[in-house]
Amino acid sequence: MSALNLDYLKTFTLVAELGSFSAAAERLGLTQPAISLQVRALEKQLGVRLVERVGRTARPSAAGDELLAHAGRIEAATNQAVEAVARHAKGVLGRVRLGTGATPCAFLLPPLLADLKRRFPDLDITVTTGNSADIVRAVDDNLLDIGLVSLPVSGRIFDITPLFDERFVAIAPPETALPDTVTPETLAQRPLILYEPGANTRRITDEWLACGGTPVKPVMALGSVDAIKEMVAVGLGAALVPEIALRAADRQRLVVRPLSPPLSRRFALVLRRDKRLDRALRETLNALKTLLALEPAR
């Protein structure tokens, strides 16, 4: 059996409510023959008589009463579905799956996502953290919609938008004597707290330290920038961290110095070129692109 024609169902319901084909026709702005035709078409589809005439009054048959018991729920469910889809069309409802590293998640995204949520209360944004390679793989597999990751990223399937350079600085325990600009040779002479092996951050900091030509033996390897800062603050070693990870309070309790040569990594937005950009995804991308103006405080 084909699906019920919702317009015909509405016509039948109105005829039963008003007890008259002519009254239903007047209410709907149609002719009486058109109303009769719609009800007959519905009866033919269902194989039963839905309306019986008692004198000049149209009344639902037993089968018609059965259908009326469901008609209200059918109309309510239909209206709810239309309203839900309409909210998507207006861009006030939708889901966006974002993947990024722990540092951008903690130090860049909170105010940005809070503003999005304020402007679009029904926008559902989920954030997953991980290393850049895993995030890019998830975007490729369509498990994530957007990746905010460090470059390089390769693959013709991706649309890549560079955003900002994340500068690194040296941090040391309070009252540590450090030159105005810190070199790899300077840090190699101190106990170092580095990122855990395997992460892209560890790779680029190892490469920078190797420029000094002096072997480095870290005293700790940690996966959290907050943990690294705490270990440095209590005097267990020096470290290299992204400048955006330093809050005002960190600058008061740590010695912070720029690096020579400079060390940075570029972050970019990554999504599949064939990704359909609905309103929710467009608004999220536009918000993330405001990071183009990012300039960490010195």
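Positions are given from 1, in the same order as the sequence printed here.
From N131, atom CG reaches atom CG of D134 across 4.0 Å, with rounding to the nearest 0.5 Å. Between atom CG of residue D274 and atom CD1 of residue I157 there is a gap of 5.0 Å, rounded to the nearest 0.5 Å. Here the straight-line distance linking atom CG of D115 with atom CZ of F120 works out to 9.0 Å at 0.5 Å rounding. Distance check: L116 CG to N286 CG gives 9.5 Å after rounding to the nearest 0.5 Å. Rounding to the nearest 0.5 angstrom, the gap separating the CZ atom in R251 from the CD1 atom in I171 is 10.5 Å. One finds the CG atom of D7 at 11.0 Å from the CG atom of L42 (value rounded to the nearest 0.5 Å).
Atom CZ of R190 is surrounded by more than 12 heavy atoms from other residues, nucleotides or ligands within 6.0 Å. Within a 6.0 Å radius of CD in E26, no more than 12 heavy atoms belonging to other residues, nucleotides or ligands are found.
Residues F168 and F164 are members of separate hydrophobic clusters, defined by side-chain heavy-atom contacts under 4.5 angstrom among Ile, Leu, Val, Met, Phe, Trp and Tyr.
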request  = Run the numbers on V241 and T103 for side-chain contact (heavy atoms from CB on, under 4.5 Å), then give the verdict.
outcome  = CA-CA 10 Å; V241 298; T103 301; over 6 Å; no

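Contact detail for V169 and P258: the closest heavy-atom pair is CG1-CA, 4.5 Å. Taking all atoms of both residues into account, the shortest heavy-atom contact from I160 to V270 is CG1-CG2, 4.3 Å. When all heavy atoms of T129 and G101 are compared, the closest pair comes out as CG2-O, 4.2 Å. Taking both residues in full, the closest heavy atoms of I193 and V219 are given as CG1-CG2, 4.0 Å, listed atom of the first, atom of the second, then distance.
In summary, D165 and R265 do not engage in a salt bridge, as defined by a charged side-chain N under 4.0 Å from a carboxylate O. Salt-bridge annotation for K275 and D145: present, with a side-chain N of the basic residue lying under 4.0 Å from a carboxylate O of the acidic one. A salt bridge does not link E207 to R202: none of the charged nitrogens lies less than 4.0 Å from a carboxylate oxygen. Salt bridge R282/D278: absent, no basic N to carboxylate O contact under 4.0 Å.
W208 places a side-chain N or O within 3.5 Å of a backbone atom of P261 that can act as its donor or acceptor partner. Side-chain N or O atoms of E43 include one that pairs as donor or acceptor with a backbone N or O of V51 at under 3.5 Å. Between the R272 side chain and the D140 main chain, a donor and an acceptor come within less than 3.5 Å of each other. Judged by distance alone, the side chain of T57 and the main-chain N or O of R53 form no donor-acceptor pair under 3.5 Å. Listed for the T176 side chain is no donor-acceptor partner under 3.5 Å among the backbone atoms of A172. A distance-only check finds a donor-acceptor pair linking the side chain of T13 to the backbone of L9 [under 3.5 Å].
Legend: salt bridge (Lys or Arg N to Asp or Glu O under 4.0 Å) pairs involving residues 56-67, not counting sequence neighbours: none detected.
Under 3.5 Å, the side chains of S264 and E166 contain no donor-acceptor pair of N or O atoms. Checked by atom type, the side-chain pair S150/S132 shows a donor-acceptor distance below 3.5 Å.
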When the side chains of residues 224-235 are checked against the rest of the protein, which donor-acceptor pairs come out under 3.5 Å, sequence neighbours left out?
residue: S224; atom: OG; partner: D226; partner atom: N; Å: 3.2
residue: S224; atom: OG; partner: A227; partner atom: N; Å: 3.2
residue: D226; atom: OD1; partner: K229; partner atom: NZ; Å: 3.4
residue: K229; atom: NZ; partner: A245; partner atom: O; Å: 2.7
residue: K229; atom: NZ; partner: D250; partner atom: OD2; Å: 2.7
residue: E230; atom: OE1; partner: R253; partner atom: NH1; Å: 3.3
residue: E230; atom: OE2; partner: R253; partner atom: NH1; Å: 3.3
residue: E230; atom: OE2; partner: R253; partner atom: NH2; Å: 2.7

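Within the 4.5 Å cutoff, no side-chain heavy atoms of I146 are placed close to those of R97.
Residues satisfying the side chain to side chain donor-acceptor pair (under 3.5 Å) test with R273, not counting sequence neighbours, are none.
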